[in-house]
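Naming: A, B, ... by sequence-line order, numbering from 1 per chain.
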Amino acid sequence: MFAESRSTIIAMLVMPDQGLFLIPFSSLIERGKAYESEGDVFYSVSSFDGYGQLSGKNIEDLQAGARVDVNEKKRDALDFVLWKKSKPDEPNWNSPWGAGRPGWHIECSAMGRKYFGDTFDIHGGGKDLVFPHHENEIAQSCGVTGCLPVRFWVHNGFVNIDKEKMSKSLGNFFTLRDIYKKFHPEALRLFLVSSHYRSPIDFSMKNLEDAEKVILRFYEALDNAGSIVGDHNVSLEEIKNHPFLAKCEKAMNDDFNTAVVVAHLNEESRGINSECSLIGNGEGGKKNLALRLSTFKFVGELLGLLTGSPEKIRQEIFNIKKTELELDVEKIECLINDRNEARKNKDWGRADECREELAQMGVVLEDTSKGTEWKIK
RNA sequence: GGCACCGUCGCCAAGUGGUAAGGCAGAGGUCUGCAAAACCUUUAUCGGCGGUUCGAGUCCGCCCGGUGCCUCCA
């Protein structure tokens with residue numbers, strides 16, 4: 001199942017139609033599970049036995065802790081709105097109870113039911129939605145269909161900034177666009193999957209920089225092994241039978257433990273690099289390395305990583321840094337040429353001067369068999 | 001005030017009963033003109049106190065510290 005998921009995740013994305021999404025909650029009134037009050041329709045929480053089960057709350061605690069003024073229209077402070085009478089200047093739709101709009105939990109129940117049916121497997125969301133949003137969603141859906149709408153709830157921890165949750169209403173948020181000005185999307189993605197989805201994750205430049213170093217190391221392994229094995233054909237069947245995949249699958253089956261998969265990827269990238277140097281000494285085993293490489297990339301792709309070629313990623317990261325740091329590429333290349341000229345003449349003093357000057361600009365050199373490459377520290 | 005969750009190496013982060021994964025940073029080494037990259041080696045007894053157990057980071061209680069939810073934001 002894990003092995004196939006790669007091709008199915010994307011296909012599930014649907015852009016819902018714009019418009020009004022409703023579940024037929026009018027029948028709830030007939031059955032005493034909801035009531036109309038001055039143009040509003042409320043769900044009667046006491047009519048649903050399972051209320052509080054998802055969030056682990058009991059109804060007595062909730063009532064004792066109610067800190068907000070009770071809405072006099074409600075029979076019970078816990079009751080929530082299914083249909084809300086609109087104020088004169090608000091968008092509204094006609095209904096048996098007058099002009100209004102759906103309650104704030106309705107659209108989730110309605111869309112889930114429309115696209116996935118009365119019961120579907122997994123519903124995600126942030127931890128803060130557990131109560132009351134998802135609790136109410138369950139209550140109203142169940143009231144209408146008679147069955148639980150969701151088999152597994154997957155609630156993720158917050159992205160924090162300075163220990164406080166990142167949220168639109170607090171204003172302490174970054175957009176992806178902001179982040180991509182400094183970091184490659186795969187660096188961000190690696191950062192996100194480096195911790196368990198239920199844990200809070202601290203957003204910081206240091207953490208993203210660390211993730212960027214690691215993703216580059218993964219690509220380094222891809223590059224090293226790729227240049228040795230060339231275009232070896234590896235079948236999907238062979239990948240599926242590889243022990244490395246089984247290891248990662250085990251971690252994923254344990255409540256999506258992506259952090260452990262990342263640890264496995266780290267170990268495997270080291271293993272691949274080691275094997276590359278062995279093969280470089282003429283010990284053969286290219287087929288084995290090709291399989292190892294393909295499986296490594298396959299697992300990476302399951303996490304949305306390692307989707308490009310090493311050259312492509314390096315170029316993309318390079319472009320980001322170049323723009324961010326406003327580098328003078330011509331000057332850099334000029335200095336590199338000077339240095340290589342000096343090296344030819346074994347003028348090590350001059351060569352080191354050039355590198356020192358580049359280092360001042362944040363540029364690090366790498367002499368490879370293909371020539372001198374450079375990157376930004 | 002009520003109810004939850006969290007506190008693991010300098011930093012990030014797995015592990016939820018059998019004697020601490022992984023990464024970054026640091027140190028030493030191989031390689032290199034010197035470097036870089038890569039590779040090798042190396043660094044923790046888990047907020048505090050008490051309890052349960054043959055055995056606890058992992059269970060229970062209390063304390064300290066942090067966060068979240070308790071609202072017609074979705």
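The separation of B:A38 from B:G68, taken at their C1' atoms, amounts to 44 Å, rounded to a whole angstrom. For the P atom pair drawn from B:A14 and B:U53, the interatomic distance equals 33 Å after rounding to whole Å. Taking the P atom of each, B:C6 and B:U45 are spaced 23 Å apart, rounded to whole Å. Atom name P, nucleotides B:C62 and B:C69: the rounded distance is 25 Å, in whole Å. Using P as the reference atom, B:C46 and B:A56 are 12 Å apart when rounded to the nearest Å. Rounded to a whole angstrom, the distance from the C1' atom of B:C39 to that of B:C59 is 43 Å. Comparing the P positions of B:U67 and B:C72 gives an interatomic distance of 25 Å, to the nearest angstrom. One P atom belongs to B:U58, the other to B:G17, and the distance between them is 11 Å to the nearest Å.
Across the strands present, B:C3 finds its partner in B:G68; the criterion is a Watson-Crick or G-U wobble pair with both atom distances under 3.5 angstrom. Pairing for B:U30 is with B:A38, a Watson-Crick or G-U wobble pair whose two hydrogen-bonding atom distances lie under 3.5 Å. Base pairing annotation: B:C62 forms a Watson-Crick or G-U wobble pair with B:G48, both donor-acceptor distances under 3.5 Å.
Rounded to whole Å, the distance from NE2 on A:H133 to P on B:C70 is 12 Å. Regarding A:I161, its CD1 atom lies at a distance of 15 Å from the C1' atom of B:U67, rounded to whole Å. Rounded to whole Å, the distance from NZ on A:K84 to C1' on B:U71 is 12 Å. Going from atom CZ of A:F244 over to atom P of B:G22 covers 14 Å, rounded to whole Å. Rounded to a whole Å, the NE2 atom of A:H264 is 11 Å from the P atom of B:G15.
Closest-nucleotide positions on RNA chain B for A:D79 and A:S199 were compared, and the one nearer the 5' end corresponds to A:S199. Map A:D128 and A:S269 each onto its nearest nucleotide of RNA chain B; the residue landing nearer the 5' end is A:S269.
Using a 4.0 Å heavy-atom criterion, one finds that A:S167 contacts no nucleic acid atom at all. Residue-level contact check: A:K165 touches the backbone only, with heavy atoms under 4.0 Å from sugar-phosphate atoms and none from bases. Using a 4.0 Å heavy-atom distance criterion, A:H196 is classed as a sugar-phosphate-only contact. Across all strands shown, A:K206 has heavy atoms under 4.0 Å from base atoms, whether or not it also approaches the sugar-phosphate. Residue contacts for A:F191: at a heavy-atom cut-off of 4.0 Å it reaches no nucleic acid atom on any strand shown. A:L265 comes within 4.0 angstrom of no nucleic acid atom, judged by non-hydrogen atoms across all strands. Note on A:R343: a base of the nucleic acid sits closer than 4.0 angstrom, heavy atoms only.
Taken together through direct or relayed side-chain contacts under 4.5 Å among Ile, Leu, Val, Met, Phe, Trp and Tyr, A:L245 and A:I272 form part of one hydrophobic cluster. Under a hydrophobic-cluster definition in which Ile, Leu, Val, Met, Phe, Trp and Tyr are linked whenever side-chain heavy atoms come within less than 4.5 Å, directly or via other members, A:M252 and A:I122 are assigned to the same cluster. Under a hydrophobic clustering in which Ile, Leu, Val, Met, Phe, Trp and Tyr are joined whenever their side-chain heavy atoms come within less than 4.5 Å, directly or via other members, A:I201 and A:V262 fall into different clusters.
Rounding to the nearest 0.5 Å gives a distance of 7.5 Å between OG of A:S47 and CG of A:L28.
Nearest nucleotide to the A:F131 side chain, out of B:C69, B:A14, B:C72: B:C69. The nucleotide whose nearest atom lies closest to any side-chain atom of A:A259 is, among B:G33, B:A14, B:G22, B:A14. The A:A263 side chain lies nearest to B:G22 when the options are B:A38, B:G22, B:A14. Between B:C34, B:C24, B:C72, one nucleotide has an atom nearer to the side chain of A:D210 than all others, and that is B:C24. Comparing B:G23, B:C34, B:A74 by their nearest atom to the side chain of A:R355 picks out B:C34. Distance from the side chain of A:S195 is smallest for B:A14 among the nucleotides B:C39, B:C72, B:A14. Closest contact between the side chain of A:N207 and the listed nucleotides B:C12, B:A25, B:A37 involves B:C12. Taking only side-chain atoms of A:N266, from C-beta outward, the nucleotide of B:C70, B:G23, B:A14 with the closest atom is B:G23. Here the side chain of A:E366 is nearest to one of B:G68, B:A36, B:A21, namely B:A36. Closest approach to the A:K213 side chain among B:C24, B:C72, B:G22 is made by B:C24 (side chain taken as heavy atoms from C-beta onward).
With 3.5 Å as the limit, one finds no donor-acceptor pair spanning the side chains of A:S269 and A:N266.
One can find a donor-acceptor pair under 3.5 Å joining the base of B:C34 and the side-chain atoms of A:D367. A donor-acceptor contact under 3.5 angstrom links the side-chain atoms of A:D352 to the base of B:G33.
Side-chain contact between A:V234 and A:I239 is present, with at least one heavy-atom pair separated by less than 4.5 Å.
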Pairs under 3.5 angstrom only: tabulate donor-acceptor contacts from the side chains of residues 349-366 of chain A to other protein residues two or more places apart or in another chain.
residue: A:R350; atom: NH1; partner: A:E353; partner atom: OE1; Å: 3.1
residue: A:E356; atom: OE2; partner: A:Q360; partner atom: NE2; Å: 3.0

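Ion pairing between A:R314 and A:E220 holds under the 4.0 Å rule for side-chain N and carboxylate O.
Pairs engaging residues 340-369 of chain A under the ring pair (Phe, Tyr, Trp, His ring centres under 6.0 Å) rule: none recorded [sequence neighbours left out].
Taking the six-membered ring for Trp and the full ring otherwise, A:F296 and A:F218 have centroids separated by under 6.0 Å.
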Practice task
Sugar-phosphate means primed atoms, P, OP1 and OP2; the rest is base. With that split, encode nucleotides 40-47 of chain B 5' to 3' as B, S or - using protein heavy atoms under 4.0 Å.
Solution key: S-------
